[in-house]
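Each remark here refers to the structure printed beneath this line.
We're numbering straight along the sequence, starting at 1.
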Amino acid sequence: MKVFIIEDDDFKSKSLNDFFVGKFREVSITNSTSLVDAISNINDHVYDLILVDMAIPSHPIRPGEGAPMSLLTGGLDVLLELKALNRSDPCIIVTQYYEIEICGELYSMHSASDAIKDLLDCEVLGCVGYMEGSNDWQVKINELLEKI
């Protein structure tokens with residue numbers, strides 16, 4: 001399985017990586033920590049699954065360069081890029097926030113998938129609330145993986 005994880009939090013990224021390495025015998029994981037890197041990877045590769053964090057920085061943090069802009073809806077740009085490329089890579093939103101901003105309105109994690117489909121015409125398998133120290137997110141990801 002070829003998995004792409006878009007996540008800028010090191011602990012969350014490690015947890016997601018460990019989960020997939022433990023779940024699949026053969027897994028190839030690519031990680032991106034910013035929107036610009038994520039878009040570049042999406043343009044260069046097709047994935048069996050993409051995990052999208054909604055709040056990601058615009059650019060990677062590099063010494064001597066300006067601070068990247070924090071994009072609370074940067075994950076939506078990833079979904080829109082996939083749509084523009086006519087791609088159907090399965091996507092799961094993994095977020096630590098209980099609400100997701102879509103087109104200026106806040107939606108609960110439970111209704112965000114439908115709102116993304118209705119407002120942006122983009123498909124996601126679902127939204128998962130990530131909490132360090134809990135395994136509820138793993139259960140939810142397993143449920144969503146059954147849809148693939």
Side-chain angles (χ1 to χ4, degrees), residues 1-107 109 112-132 137-138 140-148:
M1 174 172 247
K2 193 171 178 183
V3 178
F4 183 31
I5 299 174
I6 304 165
E7 176 57 58
D8 63 314
D9 180 288
D10 290 338
F11 293 109
K12 188 172 155 190
S13 180
K14 182 178 179 341
S15 292
L16 292 168
N17 276 272
D18 290 348
F19 171 76
F20 281 96
V21 167
K23 180 161 182 65
F24 296 102
R25 234 173 35 138
E26 293 187 31
V27 64
S28 168
I29 300 174
T30 302
N31 292 277
S32 281
T33 59
S34 69
L35 180 59
V36 71
D37 286 344
I39 297 295
S40 177
N41 272 302
I42 284 172
N43 278 284
D44 293 342
H45 306 282
V46 174
Y47 296 95
D48 298 313
L49 178 66
I50 301 175
L51 300 175
V52 182
D53 183 20
M54 292 308 294
I56 55 176
S58 58
H59 294 81
I61 298 171
R62 294 196 175 106
E65 295 184 10
M69 204 166 69
S70 180
L71 304 171
L72 294 177
T73 59
L76 293 177
D77 291 326
V78 170
L79 299 175
L80 290 168
E81 181 71 13
L82 287 165
K83 178 184 170 189
L85 295 170
N86 290 319
R87 296 258 299 275
S88 59
D89 310 37
C91 295
I92 297 174
I93 293 171
V94 182
T95 183
Q96 292 173 294
Y97 298 103
Y98 295 104
E99 295 179 315
I100 296 172
E101 183 180 337
I102 305 164
C103 299
E105 302 254 346
L106 292 175
Y107 293 86
M109 271 191 287
S113 296
D114 291 335
I116 290 168
K117 172 66 177 158
D118 294 343
L119 298 171
L120 304 176
D121 195 29
C122 296
E123 293 283 343
V124 293
L125 294 174
C127 299
V128 174
Y130 177 88
M131 182 180 290
E132 190 68 36
W137 62 269
Q138 296 173 355
K140 181 66 175 173
I141 287 177
N142 277 324
E143 289 171 5
L144 293 172
L145 288 173
E146 292 178 8
K147 294 181 179 183
I148 299 176

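Side-chain contact check for T33 versus I56: every heavy-atom pair is 4.5 Å or farther apart. By the 4.5 Å heavy-atom criterion applied to side chains, D9 and Y130 are not counted as neighbours. Annotation: side chain of L16 is not in contact with side chain of N31 (no heavy-atom distance under 4.5 Å). Side chains of E7 and V94 form no contact here, defined as non-hydrogen atoms less than 4.5 Å apart. Proximity of E101 to L76: side-chain heavy atoms (C-beta onward) are nowhere separated by under 4.5 Å. Looking at L79 and I116, their side chains come closer than 4.5 Å, going by heavy atoms from C-beta outward. Residues M109 and T95 form a side-chain contact, since some pair of their non-hydrogen atoms from C-beta on lies under 4.5 Å apart. The closest side-chain heavy-atom distance from F20 to L145 is below 4.5 Å.
What you find for I100 and C127 is that their closest heavy atoms are CD1-SG, 3.9 Å. Taking every heavy atom of both residues into account, A55 and D8 meet most closely at O-OD1, 3.4 Å. Across all non-hydrogen atoms, the minimal contact from D77 to I39 is O-CD1, 4.0 Å. Residues A38 and V78 approach most closely at CB-CG2, 4.1 Å, considering heavy atoms. Residues C103 and L119 share a closest heavy-atom pair of SG-CB, 4.1 Å. Taking both residues in full, the closest heavy atoms of L125 and P90 are given as CD1-CB, 3.8 Å, listed atom of the first, atom of the second, then distance.
With sequence neighbours excluded, the residues that form a salt bridge (charged side-chain N to carboxylate O under 4.0 Å, His left out) with K14 are D18. For Y107, the ring pair (Phe, Tyr, Trp, His ring centres under 6.0 Å) criterion is met by no residue, not counting sequence neighbours.
Here the straight-line distance linking atom CG of D53 with atom CD1 of I6 works out to 9.0 Å at 0.5 Å rounding. Taking CD1 of I92 as the start and CD1 of I141 as the end, the distance is 5.5 Å to the nearest 0.5 Å. Atom CD1 of residue I102 and atom SG of residue C122 lie 10.0 Å apart, to the nearest 0.5 angstrom. N142 CG to W137 CH2: the interatomic distance, rounded to the nearest 0.5 Å, is 9.5 Å. Here CG of L106 is found 12.0 Å from OH of Y97. Values are rounded to the nearest 0.5 Å. Going from atom CG of N17 over to atom CD1 of I5 covers 4.0 Å, rounded to the nearest 0.5 Å.
Of the possible polar contacts, none joining the S40 side chain to the V36 backbone as a donor-acceptor pair under 3.5 Å is found. Judged by distance alone, with hydrogens and angles left aside, the side-chain atoms of D48 form a donor-acceptor pair with the main-chain N or O of K2 at under 3.5 Å.
Ion pair K117/E123 flagged as a salt bridge, since at least one NZ, NE, NH1 or NH2 atom sits closer than 4.0 Å to an Asp/Glu carboxylate oxygen.
Of the residues E132, K12, M131, M54, the one that meets the side chain to side chain contact (heavy atoms under 4.5 Å, CB included) test with Q96 is K12. Residue T30 is tested with N41, I50, D37 for a side chain to side chain contact (heavy atoms under 4.5 Å, CB included); the sole match is N41.
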- Item | Audit row: R87, I42, side-chain contact (heavy atoms from CB on, under 4.5 Å) steps and yes/no | CA-CA 9 Å; R87 296 258 299 275; I42 284 172; 3.8 Å; yes
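Annotation for D44: atom CG counts as buried by contact number, over 12 foreign heavy atoms lying within 6.0 Å.
Classification of the F4-Y47 ring pair by plane angle, with boundaries at 30° and 60°, yields parallel.
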